[in-house]
Number of protein chains: 2
Amino acid sequence: MMKYQRHAKILELIANHDLTTQEEIIELLRKEGFDSTQATVSRDMKELGLIKAADSKGNYKYIQPKPANSSSTTKHLLILNQAVVGISFALHTIVIKTHAGMAQAAGAAIDHLVGGEILGSIGGDDTLLLICQSEENAQNIVQRLKNFLKIGAD
Amino acid sequence: MMKYQRHAKILELIANHDLTTQEEIIELLRKEGFDSTQATVSRDMKELGLIKAADSKGNYKYIQPKPANSSSTTKHLLILNQAVVGISFALHTIVIKTHAGMAQAAGAAIDHLVGGEILGSIGGDDTLLLICQSEENAQNIVQRLKNFLKIGAD
DNA sequence: TCTATTATTGTATATTTATTCACTCCATTG
DNA sequence: CAATGGAGTGAATAAATATACAATAATAGA
């Protein structure tokens, strides 16, 4: 039952490679020790919301679409940027340090931004724990959160 | 050569319907007087950057991937960029050359983008006349239109 | 105008992706 | 401990999409 590790790996793969077909994804997955078929990858793409899009040069590749809803997403990004002081992780647990009293708000914002990949979160006063599905998944989410903080907006 | 009208219509269709396959798009296009084949629609989707994505309920449909911020403005910019071949002006009159058959669509897009400063517009097949309030105004609008073309282009 | 070049399109086909069906693996419940 | 039900999967297949090629139409240039 490697589904969630595989999902995390797929997200990582499409972030780092230009992948045109599901067959290419299968190949790379195999190199990483995941043996899957095209049917499974097709279902993964659907569940992860990944899409095949044409870039400006006219080539297709799989991407993770940017969060769509601007108004609420923008608000959450704003909260996140105001709240978060630091991010680290160990195994499948992400530890987020915030300014005093803002952990809860940061948790809600992250829930919105990252969505279902987080199993659960526990917020204290200035610390937030996110429990992920796997170490790989945690690493992937940390990367995305850091991107949110850098960009600041969408 | 209905390509650009068809593009505009496709954008309108996917904004107003949940379309799952290119065949469905072809059907609706036919009702609007556009007779196309799947191959052509496939190419249109690529050129317009439209993609098939899974929504939260697990259904696929075609969407315009960055719809959020100013969807109608984005659409108008797209049309404008596809339509316009050249811009010039004399006195208080702007002359816009477009691809054949696109003058009307360009006129509508420009109306939206520039708004009330234009006294009126007359569109033929591949030429659009904009009547402005003054020569300075015309010059200013020309500059803004050229900026639109720069931005929207890719 | 006429010719050369480029764009657009359809047909047929190849490629790619989604789904159906059957099976396995677990967890739950009677 | 069966029996039941649901999630995950692969194999095969259906469905959908992209593209090679040929034809036609548009455009530019002489």
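Not measured: the values here are computed from a predicted model. Proteins come first, then strands; the chains are lettered A, B, ... in the order of their sequence lines, and each starts at number 1.
- Each end of the helix from C/dT1-D/dA30 to C/dG30-D/dC1 yields a helix axis from five base pairs, and these two axes differ in direction by 30° (to the nearest 10 degrees).
- By the salt bridge (Lys or Arg N to Asp or Glu O under 4.0 Å) test, B/K52 pairs with no residue at all, sequence neighbours left out.
- For B/R43, the side-chain contact (heavy atoms from CB on, under 4.5 Å) test picks out B/A39, B/T40, B/E47, with sequence neighbours left out.
- In this structure, A/I26 places its CD1 atom 11 Å from P of D/dA11, rounding to the nearest Å.
- A heavy-atom distance below 4.5 Å is not found between the side chains of B/I25 and B/D44.
- Residue B/T37 is classed as a base contact, given a heavy-atom separation below 4.0 Å to a base.
- In this structure, the side chain to side chain donor-acceptor pair (under 3.5 Å) partners of B/D35, at least two apart in sequence or on a different chain, are B/R30.
- The side chain to side chain donor-acceptor pair (under 3.5 Å) test applied to A/E27 returns no partner, not counting sequence neighbours.
- By the side-chain contact (heavy atoms from CB on, under 4.5 Å) test, A/I63 is found to be paired with A/I51, A/A53, A/K61, residues two or more places apart in sequence or in another chain being considered.
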**Study point:** Under 4.0 Å protein heavy-atom contacts per nucleotide of nucleotides 18-23 of chain D, with B for base, S for backbone only and - for none
**Key:** BBB---

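- B/E23 pairs by the side chain to side chain donor-acceptor pair (under 3.5 Å) definition with nothing, not counting sequence neighbours.
- B/L48 places its CG atom 12 Å from the P atom of C/dT8, with the value rounded to the nearest Å.
- Using a 4.0 Å heavy-atom criterion, one finds that B/D35 contacts the sugar-phosphate atoms exclusively.
- Whole-Å rounding puts the B/K3 NZ to C/dT6 P distance at 16 Å.
- One atom, NE2 of A/H7, and another, C1' of D/dT9, lie 12 Å apart when rounded to the nearest Å.
- With sequence neighbours left out, B/K46 forms a side chain to side chain donor-acceptor pair (under 3.5 Å) with no residue at all.
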